A.B. asks: 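Below you will find the structure I want to go over with you.
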Amino acid sequence: MTHHIASRTLQSLAVLLVMSFVVYGLIGLMPGDPIDLMIASDPHLTGADAVRLKALYGLDKPWTERYLRWLMQVLQGELGYSRLYARPVLDAMLPALANTALLMLGALTLALVVAIPLGIAAALRPGSAFDHGVNLVAFASVSLPTFWLGLMLIVVFAVHLGWLPASGMEEVTGGGGLADRLRHMILPVLTLGLAGMGQYIRHMRAAMLGEAHHDYVRTARAKGCGPARVVLVHQLRNALIPVTTILALEVGGLFSGALITETVFAWPGMGRLIYEAVMGNDFNLALVGLLLATAMTLLGSILADLAYAALDRRVSYK
Amino acid sequence: MTLPPRLLAALMLLCLGFAAPARAKDELVIGIYQVPATFHPNIESMLAKTYILDMASRPFTAYDAQWKLVCLLCETLPTLENGLAKPEKINGGSQGVALTYTIRAEAKWADGTPVTTEDVLFTMDAGRHPLSGVSNAEIYRRILKVEVKDKKTFVLHMDRLTFDYNAINDLRLLPAHLERPRFDKPAEYRNRTAYDQDTTNPGLYNGPFRITQVVQGSHVVLEPNAHWDGKKPAFRRIVVKIVENTAALEANLLSGGVDMIAGELGLPLDQAIAFEKRNGKNYAVTYKPGLVYEHIDVNFASPIMADKRVRQALMLALDRDLVNKQLFDGRQPVALTAINPLDSVHTDAVTHYKYDPAKAAALLDAAGWKQSGSVRRNDKGEPLALELGTTAGNRSRELVAQVLQAQWRKIGADVRLKAEPPRVFFAESVTKRQFPHMALFAWYSAPESVPRTTLHSTQIPSEKNNWSGQNYPGYVNPRMDELIDAIEVELNRPKRVALWHELQRIYAEDLPALPLFFRADAFILPKQLKGLVPTGHQDPSTLWVEQWRWDTAEDAPPVAEKTEPEKKKKNGKAKNHS
Amino acid sequence: MNPQSPLSRARRRLKHDRAALFGIVVLLLLALGAGLAPFLAPDPETLDLSAIYAAPSMDHWLGADELGRDVLARLLNGARVSLAVAAATALLAALIGTSLGLLAGYYGGRLDAALMRITDGVMALPLLPLLIVLAAIDPSKLGIAPETLGSEDFAIGRIVLIIGLVGWTTVARLVRAQTLSIKARDYVRAATAIGAGPGRIMRRHILPNVASPIVVATTLSIGNIILIESALSFLGLGIRPPLASWGNMLTGAMNVVWSAPEQALWPGLAIFLTVLAFNLVGDGLQRALDPRGEEG
């Protein structure tokens, strides 16, 4: 078991290293550096200014050399400054991370609270009209384009009904209280939650059905336990295993945020931050953001393995 | 299943109860769409930063809403007439000028420290240091020497005497008492500056407001500077809320999340027009056409575009009036040349390109492009195929590009559109002159700004000059060069205006760029907000934020009592701009 | 139990699957509409500045957009673009995934380990940010001729390549797992024993047996690809106007969602219904092709 984790961790580190190199190169392939943009926007900037600024930002060196220097710094724990936000990378990233976590936790909670009971209920009556209905809901959920859903929710709830704020995290004046923050969370959480619950419904239902065929359920039934008890005690525990696994994998995605939803609702989260950093040629911020997101996904998949092993004693890693 | 009434009521309260938080009358929430990066006045130029910072700090000079140069941080504008500007010979024997400025007597940083020549000296040190990261160093190169007379008065020795010699708009003071200690390692200054590390330090600001809170990616809060010596601002708090997507920005306005949308950084024109049609009666919507010149740079390196007849034919084939009317409700004036009609040096007496497809066709025929099928071809059989590059994401511009494409198709020019993200478009295609034929974008400028960088033949970007200069077309006309050189140093106004007129005539005839429109900004303001005057140029309306107030004629807010006596006292003091 | 071919059984099962049938009907209608677009609606790129945001009428069945172009025509044209992108991408992803999965599963050992680590790596990548980086790369820095860069085919090809390059992992894993189990079966061992080469075994014995999971996974992935493409176009990094795609129609519609909400309604609905249809059909296929599945 320990061996398995150790080797997975090593592999993950290797993936991260390769990833950092590739992403650095990819961003390098994007045209234009910050100074080029400055020249275009400021008529008074002369050639001499350009040379001076490029040297100052280290942009006069080839990107492989810049990458090595960057890597050395990062290995020494120096993540550098975000050019875009003019502050240390971590300072710029932490608030966005917190905002994203809030959004994603809300959405996951909503998705699970709806998905688990629906999945169970559907699995109890396979083939019924109810089951078909749930199935359709699940498919509708995974087929929704989030940006459109978000837009439609804004149209209905913010503009026509005027019940909820259209965007942002809190009222900028007199806001910031719990109720205010909750109100601002409703629409984005609803958007992400609705779009995310479909897969959990399907997994939950499939897992429950899968368990129903196992011998122990049949035995329990034969022993005369009522269907309700069978479901709750035996099936549920085992059926939750694959759902937990998927959840662990999702948690990784949490860190790259939900760019589209964040864009539509002007939610200052990680997705937005990484997008801005990439588009604004903010090497340090973009790299750390992307690497963090990757690291978390890798960690998530290791956790998923562990959860799987812990919950299901039939699996063991040597 | 029915909900118990009490629960229902609670739910309703959650939904409705806080829906429109009652905003005090002495607060104003402004919506803009761009995130400001650094707040350092001299590092990186960015409209969102300028917009916010201009409420909290003041440049020495700026152009006001009448496009007149005024003193903001100084007492009197030095002129040759009042003797504060004295021409002088400088070392090389060329003509320079010595300018005497006096900082406003009561000007203070918001922590109470007076603004002094000490700050001027530090600002110069930082600006001149090659490692400080100051992006636009032109002003510091032009200032040869600073001579300090006393705490408040200093003399700038400039390396040239131009007609706008007394405009030092780019000189924005840094507080020496806070910033000098952070400048001991100049190479790290841009990361260590208090503007980014300690943004809410009152000592950084000398304007009517100071920044008191920055919530990254969300909003910036400004509160009055207790030591401000000018007109007392009417607002206790101004919040600038950043909503990067303009649909969400509009939603914020409709739901009361913001009070107004800044014209400088607000809705695209077509969106604003649609907004006005539905909600116009509840808001004061003002359109201010300004010094944003939407045009098409043509690449003279392309043999097709180098032919003047082709350029003129392309102009004649465009129905710009129709586009303006249908797309922009007639709000964007059609441009004759790069000079704005509101500019005092503008002339109407130039070639007009009224929509005339027949004449356009005749010109193309004469240039050797004969209609064959749907596309024109030359005698070698090559099609008249052109590429029009533009910035992706600027919606109005993308719409215009598509209309141009359709109009040119009618005279047999096959135009392909290529929209690139701004960073690609500006940093590569345009700056490095890689666009094959045409590039559609805009220039922002100040009033009567000489088009040296865009039209002078020494300003063609190349590998050799590190791609600086903005004569992207590669336009070379000796007479144009002479005119530009002459205008810059012609102090006699009537003579200068005559030169300007000739410049415009050549521009319209030669078409180094195809003029389209002057972009209009849409200011969407609450009806009760008074005193906000759009400027129409690159100095934003926030430079006069202390003039903004709620119109209290109809309903006097109770909070006014508190501020009234003080207001009267301060009103007595002279302001050097109005 | 009467013996029957898996295919006819699948067809019979599908016939009883109302959801899948619904999906098939939607897709057929869509294909028909896209194919007949030139006869049903005016040219999608013809402007009429006097008809900006025109309400639905006999001339414009669904009204006109921000430049007076026919919305229906653009929807149908967008369908062609979106479907072409989705089909090409799914094929590309299936091709890459199948080849890598077969190789990994068949040869095992180090090759397997290496390929699966790559798969894990790609799966761990934060998809959308990475796609944005890929979409923003300047292809001229890679030495591609500028003439090809401007063409519409290149714009489509680029999106296909970008999404295809990260979308193959599911198929690769599926194929590998199937290959592993089939490789151990007697008839494959027998074929190896009589000297069949690896290429022949993979082609003749393994590929036919992994075909149905590939088809199912690919069908299910098409919906996802349409969503990704429209999201990229929505962000301005995918298909750009004047070429119509559902994603970029929504970008334009978003700005005027207050004054002309129906502009956002149609492309959004089109995406939703199409993705739903592909998912339902994919799901139907999965159940229909499942040899263990119960009847009915």
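Remember, it's a predicted structure, so these values are computed and weren't measured experimentally. Letters go in sequence order (proteins before strands), and every chain restarts at 1.
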A.B. asks: Less than 4.5 Å apart, side chain to side chain, heavy atoms only: is that true for L280(C) and L136(A)?
C.D. replies: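 In contact.
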A.B. asks: Tell me, for I226(C) versus chain A, whether the close heavy atoms (under 4.5 Å) come from the side chain, the backbone, both or neither.
C.D. replies: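 Contact with chain A involves no heavy atom of I226(C) at all.
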A.B. asks: L250(C) and F147(A): which non-hydrogen atoms are nearest, and at how many Å?
C.D. replies: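 Taking L250(C) first and F147(A) second, the nearest heavy atoms are CD1-CE1, 3.2 Å.
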A.B. asks: Answer whether the closest heavy-atom distance between the side chains of F272(C) and L149(A) falls below 4.5 Å.
C.D. replies: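 No, side chains not in contact.
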A.B. asks: Out of T146(A), V23(A), L151(A), which one racks up the most heavy-atom pairs below 4.5 Å with chain C?
C.D. replies: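 Between T146(A), V23(A), L151(A), the count favours L151(A).
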A.B. asks: Please round to the nearest 0.5 Å and tell me the distance separating atom CH2 of W148(A) and atom CG of L265(C).
C.D. replies: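 Those atoms lie 6.0 Å apart.
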A.B. asks: If we only count heavy atoms from C-beta on, is the N135(A) to D283(C) side-chain gap below 4.5 Å?
C.D. replies: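 Yes, close enough: below the 4.5 Å cut-off.
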A.B. asks: So how far is it from F139(A) CZ to F22(C) CZ, rounded to the nearest 0.5 Å?
C.D. replies: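 Here the rounded value is 12.5 Å.
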A.B. asks: Taking side chain as everything from C-beta outward and backbone as N, CA, C, O, which of these in V18(A) sits under 4.5 Å from a heavy atom of chain C? Side chain, backbone, both or neither.
C.D. replies: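 When you check distances to chain C, no heavy atom of V18(A) falls under 4.5 Å.
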A.B. asks: Let's test your reading of the structure: which of A231(C), P267(C), A277(C), A19(C) forms the most heavy-atom pairs below 4.5 Å with chain A?
C.D. replies: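 If we count pairs closer than 4.5 Å to chain A, A231(C) comes out on top.
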A.B. asks: Please determine, among I154(A), V142(A), V264(A), L144(A), the option with the most heavy-atom pairs under 4.5 Å with chain C.
C.D. replies: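 Highest number of pairs under 4.5 Å: L144(A).
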A.B. asks: Are there over 12 heavy-atom neighbours, none belonging to W70(A), within less than 6.0 Å of that residue's CH2?
C.D. replies: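 Atom CH2 in W70(A) is crowded, with more than 12 foreign heavy atoms closer than 6.0 Å.
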A.B. asks: Give me the atom names and distance for the closest heavy-atom approach of G268(C) to P145(A).
C.D. replies: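 Nearest pair, atom of G268(C) first, then P145(A): O-CG, 4.2 Å.
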A.B. asks: L100(C): which residues meet the side chain to side chain contact (heavy atoms under 4.5 Å, CB included) condition with it, sequence neighbours left out?
C.D. replies: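 Counting only residues at least two positions away or on another chain, L100(C) forms a side chain to side chain contact (heavy atoms under 4.5 Å, CB included) with I96(C), L115(C), W168(C).
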A.B. asks: If I compare all heavy atoms of L276(C) with all of S143(A), which pair ends up nearest, and what's the gap?
C.D. replies: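 That would be CA-OG, 3.2 Å.
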A.B. asks: Please classify the contact between Y275(A) and chain C as side chain, backbone, both or neither, with a heavy-atom cut-off of under 4.5 Å.
C.D. replies: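 The side chain, not the backbone.
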